[in-house]
Amino acid sequence: MYALVDCNNFFVSCERLFRPGLRSKPVAVLSNNDGCFISRSQEVKDIGLPMGAPVFKYKQAIKANDVTLFSANFELYGDMSQRIISVLRSVTPLIEVYSIDECFVDLSQLAIDDHQTWAVAVRERIFQEVGIPVSIGIAPTKTLAKVASTASKKRGGALAIDTDDKRLELLQDLPIEDIWGVGRQLAPKLKDKGVSMALQLVNASDGWLKQQFTIVGIKMVDELRGIARLPFGDSKDTRGQIMRSRSFGHRVRAYHQLESAVSTFAAQASVKLREQNSLTHKIVVFLSTGKHAMETKHASTDVVLIEPTQDTARIITAALEGLHDIYDGDFAYMKAGVILHDLTDIESWQLSFMSNESRRDERTALMQSMDSINKQYGTVIWHASEKPIDADWHSKKKLRSPRYTCAWDELPILRG
DNA sequence: TCTGGGGTCCTAGGACCC
DNA sequence: TCTGGGGTCCTAGGACCC
């Protein structure tokens, strides 16, 4: 069995901790530039201000209902999140931190008589020790635990799906768009086929499901049927990608402003990179007019580093080169960002670097940089031979760069 | 005028290899 | 030297999550 511990209106709850007078008053937390709602108290939900909605469109309602607004304070939320996680860790080490306000717990190693009672106790303990109200759902799969925790919000904040009857009862009342994994695209598609409730999905034939879904959807339905198909993540603290980006809140045309933003993002991203002890091999720089512009434009570029690096100065330099390549003074940008891709563990970078031999277009550059690598690592021996290739074959295969064959496996570093 | 900032996983199809 | 067809790797982009 799995538990999902889900913080109620998390950011709002954090702010209320320091402003107890705001309990039971309408409160919302806003995104960067105070652009849109990212957390709402129950009172604000009842007023009808939607999640993610732009604040300027709801000025009237905010004033009329005397809604208290906060600019987001992610340091505070991160700190409160850690406190909740440490309470859970004291119960069992088998937890998966899913997001800043959600945590899965594997209950299989715990001696629990009654799941409902356990959930109530843990919920009370978190509220006592941290002051944040949470909802706890317990079920045989992660997706069902999610269903349970959502349903628990109207039933005192703790709910265990420990019988099939309970499971079916909940699925009967669950609209498909509220299922974890059903989004904007899938929901209308399913409704067109006459499927609007989760129970219909669970009762559908395997043949029909195979027609409608890819493997992702099949797994989702299995999870709803009580068959665990999602791995219990060993809460990786090393990300596969690191992104820093920001909307400006107004249109930016001046190159120096973009330059300053991009170098800041590159620096911040490289700090994250060092914290997780990784190297980056590819840097993506992007500029965008934002998705709400009449005419949306998006420009991005990949900067591939021949030698993976962790060095802030090099990352900034490379990012600015990328910016220079894509900058087009003709239109104004609303947003900019830097993404670090192809992250490698710092201890094993030589291996992954060398074994990437199918990146043919990088080969030429690699050959040129081999000298410096030889100097740096001393023992690297390598060789490459260029095969003669006739012009016809070349154009047929649409090869843009000469073809090389390199005996990477002769590198002593791979054997070591 | 002003509409978040992160992430993950999967797939289709091209690139590449034998 | 023949230049096909199938397997595999890689990438961009989509869909989804909070």
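Chain A is the first sequence line, chain B the second, and so forth, proteins listed ahead of strands; every chain is numbered from 1.
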Side chain of [X] (C-beta onward), nearest among [options]:
X        : options                : result
A/Lys146 : B/dC2, C/dC17, B/dC10  : C/dC17
A/Gln241 : B/dT8, C/dC18, B/dG6   : B/dT8
A/Tyr98  : C/dC17, C/dC16, B/dT11 : C/dC17
A/Leu186 : B/dC2, C/dC16, B/dG4   : C/dC16
A/Lys291 : C/dA12, C/dC16, B/dG4  : B/dG4
A/Arg239 : B/dT8, C/dC18, C/dA12  : B/dT8

Length of the [atom1]-[atom2] vector between [X] and [N], whole Å:
X        : N      : atom1 : atom2 : value
A/Lys57  : B/dG4  : NZ    : C1'   : 16 Å
A/Glu96  : B/dC9  : CD    : P     : 10 Å
A/Ile62  : B/dC2  : CD1   : C1'   : 12 Å
A/Asn32  : B/dT3  : CG    : P     : 10 Å
A/Glu223 : C/dC16 : CD    : C1'   : 15 Å
A/Met334 : B/dG4  : CE    : P     : 8 Å
A/Glu75  : B/dG5  : CD    : P     : 17 Å
A/Phe74  : C/dC18 : CZ    : C1'   : 10 Å

Please evaluate residues A/Lys189 and A/Glu177 with respect to the criterion salt bridge (Lys or Arg N to Asp or Glu O under 4.0 Å), reporting the C-alpha separation (whole Å), side-chain torsions for both, the decisive distance (0.1 Å), and the verdict.
CA-CA 11 Å; A/Lys189 204 183 115 188; A/Glu177 64 265 29; over 6 Å; no

So which heavy atom on A/Asp6 is nearest to which on A/Glu102, and how close?
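The pair with the smallest heavy-atom distance is OD1-CG, 3.5 Å.
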
Can you tell me how the ring of A/Phe74 sits relative to the ring of A/Tyr77, calling it parallel under 30°, perpendicular over 60° and tilted otherwise?
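Perpendicular.
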
So what does [X] hit on the nucleic acid, given a heavy-atom distance under 4.0 Å: a base, only sugar-phosphate, or nothing?
X        : answer
A/Asp34  : nothing
A/Gln185 : sugar-phosphate
A/Val55  : nothing
A/Asp6   : nothing
A/Ile339 : nothing

Measuring only the C1' atom in each nucleotide, how far is C/dC17 from B/dG4? A whole number of Å is fine.
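Looking at atom C1' only, C/dC17 and B/dG4 are 14 Å apart.
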
A/Tyr2 six-ring face occupied by A/Lys142 cation (under 6.0 Å, within 45°)
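So A/Lys142 doesn't make the cation-pi contact.
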
Presence of [X] side-chain N/O under 4.0 Å of [N] phosphate oxygens OP1/OP2:
X        : N      : value
A/Ser99  : C/dC17 : no
A/Lys282 : C/dA12 : yes
A/Lys219 : B/dC10 : yes
A/Arg251 : B/dC2  : yes

So, A/Glu223 and A/Lys219, do they make that salt bridge, N to O below 4.0 Å?
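Looking at A/Lys219 together with A/Glu223, the answer is no, because their closest N to O distance does not fall below 4.0 Å.
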
Aromatic ring proximity A/Phe248/A/Tyr333, centre distance under 6.0 Å:
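Centroid separation for A/Phe248 and A/Tyr333: 6.0 Å or greater.
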
Contact nearer the 5' end of DNA chain B, comparing A/Arg244 with A/Ile215
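Its nearest nucleotide being more 5', the pick is A/Arg244.
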
Closer to the 5' end of DNA chain B via nearest nucleotide, is it A/Ser245 or A/Phe56?
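Between the two, 5'-proximity favours A/Phe56.
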
